[in-house]
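One is the number of the first residue; the rest follow in order along the sequence. Keep in mind the model is a prediction, meaning the values are calculated, not measured.
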Amino acid sequence: MIRASLTPTPLLEPGERPRLEIVEPVAGRARRLEVALAMVRLAARILVLKVTGRATARNVGARLRRTIESLGGLWIKFGQLLSLRHDLYPPAFCLELMGVQDKAKGFPGHVARRVIEEAYGVPVEAVFEWFDDQPVAAASIGQVHRARLRRGRRDVAVKVQRPDAVETFTKDLGMIGFLLRRLGSFESMRNLRFDEFHWEVHRMFEEELDYRREATRQRRMRGILRHHRIYVPRIWKRYVTDRVLVMEFLHGVFMSEFLLATNKDPERVRRWLETNEIDPRRVGRTLYQSFMRQVLEEPIFHSDLHPGNIVLFREGRVGLIDFGASGRLYPDLRRPILELNYKLSRRANTEAADAMLRLVGPGPRTDLDEYRRDIVQVFRKWQSNSEVPTLPYAERSAVFMYEKMGEVSKRHQVVVTWDYLRIDRGNFTLNVSLMHLFPEMDFTEELRRFFREGVRRRRTRRNPRGRVERGADAFRAVAETGTRMVGALTAVESSFKRSALGFEGTTSKLGFLAGEVLRELRWLLLLLAALFTVAYLDREYGPFPVESTRLRLDDLLHARDWPIGFWRWSIGLAGILWLRRTLGQLASHAMRKGRPPGRSS
């Protein structure tokens, strides 16, 4: 739990916070008719823009954004994904869609209580000492209430899914799929890969509608981000279901409140920062460096770092919430991304462009040599801009580079992979906060800082993970199969038991030899127990750092996800130790049977 001394003073008065509108959910809502009418109105408005000569990319994007926000549901995710495709659509269009916000209305407290009681099978009062019926935040999937647990008397945030969320999202997914299939049937649009777009929407549908998935990711990120000096709220596993999620309530100031106050009263914000000993530049650097570590060193990263998911504490401490949208990079994709960023930090732009080519899918008429030359020019322009602090932030940030790369990709009919676009989303959403926290940030210098500190992290001995680093690289694959080896060794134990009984009728030398072999196996089992424990600690507290200077990631560390868990580790370790004790007894038995007559013990 985060220390109470880190709780900051309030930044906004209660009346300054936007009030959440509460609306009773409508049963049996004609969702398909609602969406159809919205699309007809959108088409009519775009037609009017064309007739009046105002159908610019920005105006069309603004109309689409307002339509998506009015529909809510899965259409919000659709708009957010669409905004990432700078390689397919005009920059002004994507920029408008980047402003898509989940402006959902809340639902009454009695509805939230009913969902909780259906999930737990007991009254709300049996779990919570008190439960605030007024939600503190709402989105298209669910809303958050404050409460206090009876057990432990902890203040918690209770995330409750909308009662009609699954039904609404299922209908939305069907309509989005129908729309994308129709668009993909046109010859001129086949290169836009709408099938991959539909798959990505479907992935978000599955991941974000089941709170158990989010809870698993949040527990994992809690272990990882503690080494980044970023706090992630604790999850209470016993109270997590597919529709209810209970986590620690963070008493901090949201970045969204910070931005609102900055626009209204900068002097008040300056005093608040001074009172709470917060250096905004340090906060911005912490967030950016952490995001780079998540992408390039860790097995999972937060891909939705908008201001509503960032919490500020005293002394410059930072917290993150809402891990419904997270990304994962596997070695085949992580390696070129790591190389791309390292080469950019060294200004080896041609080699960086070669790494970029491994992240895209060229079209049938793409000239890769020309594409490479244009990408190199984008890199050089961005590096030149980032070193001039007097230029506008929008021309120096990493987002500027991503936007220009998207324009080049669109011109050359090159399509970027979705996995790489999830990183773009993290960068774009974090950029909203960075432009206010650290507007003079030199992003090329921050890249160099990341790789310098990566070397330091690799070598340091103060990090507990570094103490077992050398052995872990060699034995991780063995530890992965620890649980399965218990079953295999049990079968071997039965074989040894039968063999040991047979040794009674054989020569004394064979019996003595069997005893020696069994004794050696006991030492091997002790080593296996140690390796199994190393693997468990690694999965629980985060993977070992990568060696950034060598420009490679250890496939042994990131090739798979080892779902060990506390109970599986405990049972596996107990099984290994039991088997070691059994082999010790068999060894003693074999040695006694095989000992030459007259030899004392």
Trainee: Any donor-acceptor pair under 3.5 Å linking the side chain of H198 with the backbone of F178?
Mentor: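 Flag not set: sc H198 to bb F178 has no pair under 3.5 Å.
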Trainee: Would K264 and E16 count as a salt bridge (Lys or Arg N to Asp or Glu O under 4.0 Å) if you check the C-alpha gap in whole Å, the side-chain angles of each, and the deciding distance to 0.1 Å?
Mentor: CA-CA 10 Å; K264 293 177 61 176; E16 293 181 288; 3.3 Å; yes
Trainee: So L312 and F254, do their side chains get closer than 4.5 Å, heavy atoms only?
Mentor: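 They are not in contact (no side-chain heavy atoms under 4.5 Å apart), so the answer is no.
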Trainee: Within a strict 4.5 Å, meaning less than it, do heavy atoms of the E214 and E207 side chains meet?
Mentor: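 A side-chain contact is absent here, since even the closest heavy-atom pair is not under 4.5 Å.
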Trainee: Shortest non-hydrogen contact from A137 to L20?
Mentor: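 In terms of heavy atoms, the two residues are closest at C-CD2, 4.0 Å.
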Trainee: Do E117 and P123 come within less than 4.5 Å of each other through their side chains, counting heavy atoms only?
Mentor: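 Sidechains of P123 and E117: in contact.
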Trainee: Over all heavy atoms of both residues, which pair between A92 and A57 is shortest? Give the atoms and the distance, please.
Mentor: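 Closest approach of A92 to A57, heavy atoms only: CB-CB, 4.1 Å.
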Trainee: Check the pair L434 / S397 against side chain to side chain contact (heavy atoms under 4.5 Å, CB included), numbers first and verdict last.
Mentor: CA-CA 9 Å; L434 291 181; S397 72; over 6 Å; no
Trainee: If you look at every heavy atom in Y120 and Y239, which pair is closest and at what distance?
Mentor: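 Taking every non-hydrogen atom into account, OH-O, 2.5 Å.
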Trainee: Consider only side-chain N and O atoms of R58 and T56, and report whether a donor and an acceptor are under 3.5 Å apart.
Mentor: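 No, no side-chain donor-acceptor pair sits under 3.5 Å.
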Trainee: Between I300 and M221, does a side chain to side chain contact (heavy atoms under 4.5 Å, CB included) hold up when you go through it step by step?
Mentor: CA-CA 8 Å; I300 189 172; M221 290 295 281; 3.2 Å; yes
Trainee: Kindly say whether the aromatic ring centers of F400 and Y393 come within a distance under 6.0 Å.
Mentor: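 Judged by ring-centre distance (under 6.0 Å), F400 and Y393 do not meet the cut-off.
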Trainee: Donor-acceptor pair, D322 side chain versus N309 backbone, under 3.5 Å?
Mentor: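 Here the side-chain-to-backbone pair does not exist.
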Trainee: Between R217 and F323, is there a donor-acceptor pair closer than 3.5 Å when you use the side chain of the first and the backbone of the second?
Mentor: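 Side chain of R217 to backbone of F323: a pair is present.
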Trainee: On the 0 to 90° scale, with breaks at 30° and 60°, tag the W272-F258 ring pair as parallel, tilted or perpendicular.
Mentor: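 Aromatic pair W272/F258 classed tilted.
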Trainee: What do the steps show when you test R243 against T241 for side chain to side chain donor-acceptor pair (under 3.5 Å), and what is the final call?
Mentor: CA-CA 5 Å; R243 302 177 66 192; T241 73; over 6 Å; no
Trainee: Between I310 and L430, does a side chain to side chain contact (heavy atoms under 4.5 Å, CB included) hold up when you go through it step by step?
Mentor: CA-CA 9 Å; I310 300 172; L430 178 59; 4.3 Å; yes
Trainee: Can D133 and R113 be said to form a salt bridge (Lys or Arg N to Asp or Glu O under 4.0 Å), step by step?
Mentor: CA-CA 8 Å; D133 285 338; R113 287 174 175 266; 2.8 Å; yes
Trainee: Ring centroids only, cut at 6.0 angstrom: are H302 and F291 within range, meaning strictly under it?
Mentor: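 Ring centres of F291 and H302 not closer than 6.0 Å.
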Trainee: Once the angle between the rings of H251 and F249 is folded into 0 to 90°, is it parallel (under 30°), tilted (30 to 60°) or perpendicular (over 60°)?
Mentor: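 Answer is perpendicular, since the angle exceeds 60°.
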Trainee: Would you say R148 has more than 12 foreign heavy atoms packed within less than 6.0 Å of its CZ?
Mentor: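 Counting neighbours around CZ of R148, more than 12 heavy atoms of other residues, nucleotides or ligands fall under 6.0 Å, so yes.
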Trainee: Specify the closest pair of heavy atoms between P108 and E24, including all atoms of both residues, with the distance to one decimal.
Mentor: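 Here P108 and E24 meet closest at CG-OE1, 3.2 Å.
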Trainee: How long is the gap from CG on L296 to CZ on R334, to the nearest 0.5 Å?
Mentor: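 Rounded to the nearest 0.5 Å, the CG-CZ separation comes out at 7.5 Å.
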Trainee: For R31 and E167: C-alpha separation, side-chain torsions, deciding distance, then whether salt bridge (Lys or Arg N to Asp or Glu O under 4.0 Å) applies.
Mentor: CA-CA 9 Å; R31 180 63 172 175; E167 179 185 2; over 6 Å; no
Trainee: Parallel under 30°, tilted from 30 to 60°, perpendicular over 60°: which one fits the rings of F313 and Y231?
Mentor: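 Perpendicular: the ring planes of F313 and Y231 meet at over 60°.
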Trainee: Looking at K410 and E407, does any basic side-chain N land under 4.0 Å from a carboxylate oxygen?
Mentor: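 E407 and K410: not salt-bridged.
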Trainee: Working to the nearest 0.5 angstrom, can you tell me the gap between T262 OG1 and R270 CZ?
Mentor: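 Reported value, rounded in 0.5 Å steps: 13.0 Å.
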Trainee: Might you point out which heavy atoms bring G72 and S140 nearest each other, and give the distance in Å?
Mentor: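 Taking every non-hydrogen atom into account, C-CB, 4.5 Å.
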Trainee: Kindly give the heavy-atom pair with the smallest separation between G73 and D172, and that separation in Å.
Mentor: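 Heavy atoms only, the tightest pair is CA-OD2, 3.8 Å.
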Trainee: Looking at T429 and G426, would you say the former's side chain and the latter's main chain have a donor-acceptor pair under 3.5 Å?
Mentor: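 Looks like yes, one N/O pair under 3.5 Å.
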Trainee: Could R63 and E96 be called an ion pair, given the rule that one side-chain N must be under 4.0 Å from one carboxylate O?
Mentor: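 Result for this pair is no, no salt bridge flagged.
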Trainee: Do V156 and V158 have side chains that approach each other closer than 4.5 Å (heavy atoms only, starting at C-beta)?
Mentor: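 Counting from C-beta outward, V156 and V158 do come under 4.5 Å.
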Trainee: If you draw a 6.0 Å radius around CD in E267, do more than 12 non-hydrogen atoms from other residues or ligands fall strictly inside?
Mentor: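 Enclosed: over 12 neighbouring heavy atoms sit under 6.0 Å from CD of E267.
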Trainee: Step by step, work out the side chain to side chain contact (heavy atoms under 4.5 Å, CB included) result for Q161 and V166.
Mentor: CA-CA 9 Å; Q161 192 175 103; V166 174; 3.6 Å; yes
Trainee: Could you check if a side-chain atom of M204 sits within less than 4.5 angstrom of a side-chain atom of W199, using non-hydrogen atoms only?
Mentor: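 A side-chain contact is absent here, since even the closest heavy-atom pair is not under 4.5 Å.
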Trainee: Please determine if R281 and E440 form a salt bridge, counting it only when a charged side-chain N lies under 4.0 Å from a carboxylate O.
Mentor: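 Yes.
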Trainee: Less than 4.5 Å apart, any side-chain heavy atom of L173 and any of V201?
Mentor: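 Yes. Closest side-chain heavy atoms under 4.5 Å.
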Trainee: Is there a donor-acceptor pair under 3.5 Å between the side chain of E446 and the backbone N or O of R285?
Mentor: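 Checking the backbone N and O of R285 against the side chain of E446, no donor-acceptor pair under 3.5 Å is found.
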Trainee: I'd like to know if D210 and R212 make a salt bridge, using a cut-off of under 4.0 Å between side-chain N and carboxylate O.
Mentor: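 So D210 pairs with R212 through a salt bridge.
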Trainee: Could you state the interatomic distance from CZ (R271) to CG (N276), rounded to the nearest 0.5 Å?
Mentor: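 One finds 12.5 Å between CZ of R271 and CG of N276.
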Trainee: Just verifying a value: how many Å separate E34 CD and M39 CE, rounded to the nearest 0.5 Å?
Mentor: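 Going from CD on E34 over to CE on M39, the span is 10.5 Å.
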Trainee: Does the R222 side chain pair with the main chain of V232, one donor and one acceptor, at a distance under 3.5 Å?
Mentor: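 Yes, because the side chain of R222 sits within donor-acceptor range (under 3.5 Å) of the backbone of V232.
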Trainee: Do K77's NZ or CZ and the ring of F205 fall within the cation-pi criteria of under 6.0 Å and 45°?
Mentor: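 K77 over F205 ring: no.
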Trainee: Do side-chain atoms of R396 reach the backbone of L391 as a donor and acceptor pair under 3.5 angstrom?
Mentor: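 Yes: the side chain of R396 pairs with the backbone of L391.
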Trainee: Does the side chain of V246 reach to within under 4.5 Å of the side chain of V240, using non-hydrogen atoms?
Mentor: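 No. Closest side-chain heavy atoms not under 4.5 Å.
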Trainee: Would you give the length of the straight line joining atom CG of L74 to atom NE2 of H202, rounded to the nearest 0.5 angstrom?
Mentor: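 Between atom CG of L74 and atom NE2 of H202 there are 10.0 Å.
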Trainee: Is the number of heavy atoms from other residues, nucleotides or ligands under 6.0 Å of R151 CZ greater than 12?
Mentor: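 Open.
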Trainee: Is there a donor in the side chain of E298 and an acceptor in the side chain of H228, or the other way round, less than 3.5 Å apart?
Mentor: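 Short answer, yes.
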Trainee: Taking E277 for the side chain and E315 for the main chain, is one N or O donor matched with an acceptor at less than 3.5 Å?
Mentor: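 No.
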Trainee: Decide salt bridge (Lys or Arg N to Asp or Glu O under 4.0 Å) for D265 and R268; before the verdict, give the C-alpha distance in whole Å, the side-chain angles of both, and the deciding distance to 0.1 Å.
Mentor: CA-CA 5 Å; D265 191 350; R268 186 208 307 184; 3.7 Å; yes
Trainee: Under the salt bridge (charged side-chain N to carboxylate O under 4.0 Å, His left out) rule, collect the residues that match up with E206, sequence neighbours excluded.
Mentor: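 Salt bridge (charged side-chain N to carboxylate O under 4.0 Å, His left out) list for E206, sorted by chain: empty.
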Trainee: How long is the straight-line distance from CZ of F78 back to CG of L97, given to the nearest 0.5 Å?
Mentor: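 Here the interatomic distance stands at 9.0 Å.
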Trainee: If we ignore hydrogens and angles and just use 3.5 Å, is the side chain of T168 paired with the main-chain N or O of A165 as donor and acceptor?
Mentor: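 Such a contact is absent between T168 side chain and A165 backbone.
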Trainee: Would you say the side-chain atoms of R150 pair up with the backbone N or O of E125, donor to acceptor, closer than 3.5 Å?
Mentor: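 Checked: pair present.
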Trainee: Taking C-beta and beyond as the side chain, do V136 and H145 meet within less than 4.5 Å on heavy atoms?
Mentor: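 Contact flag for V136/H145 side chains = no.
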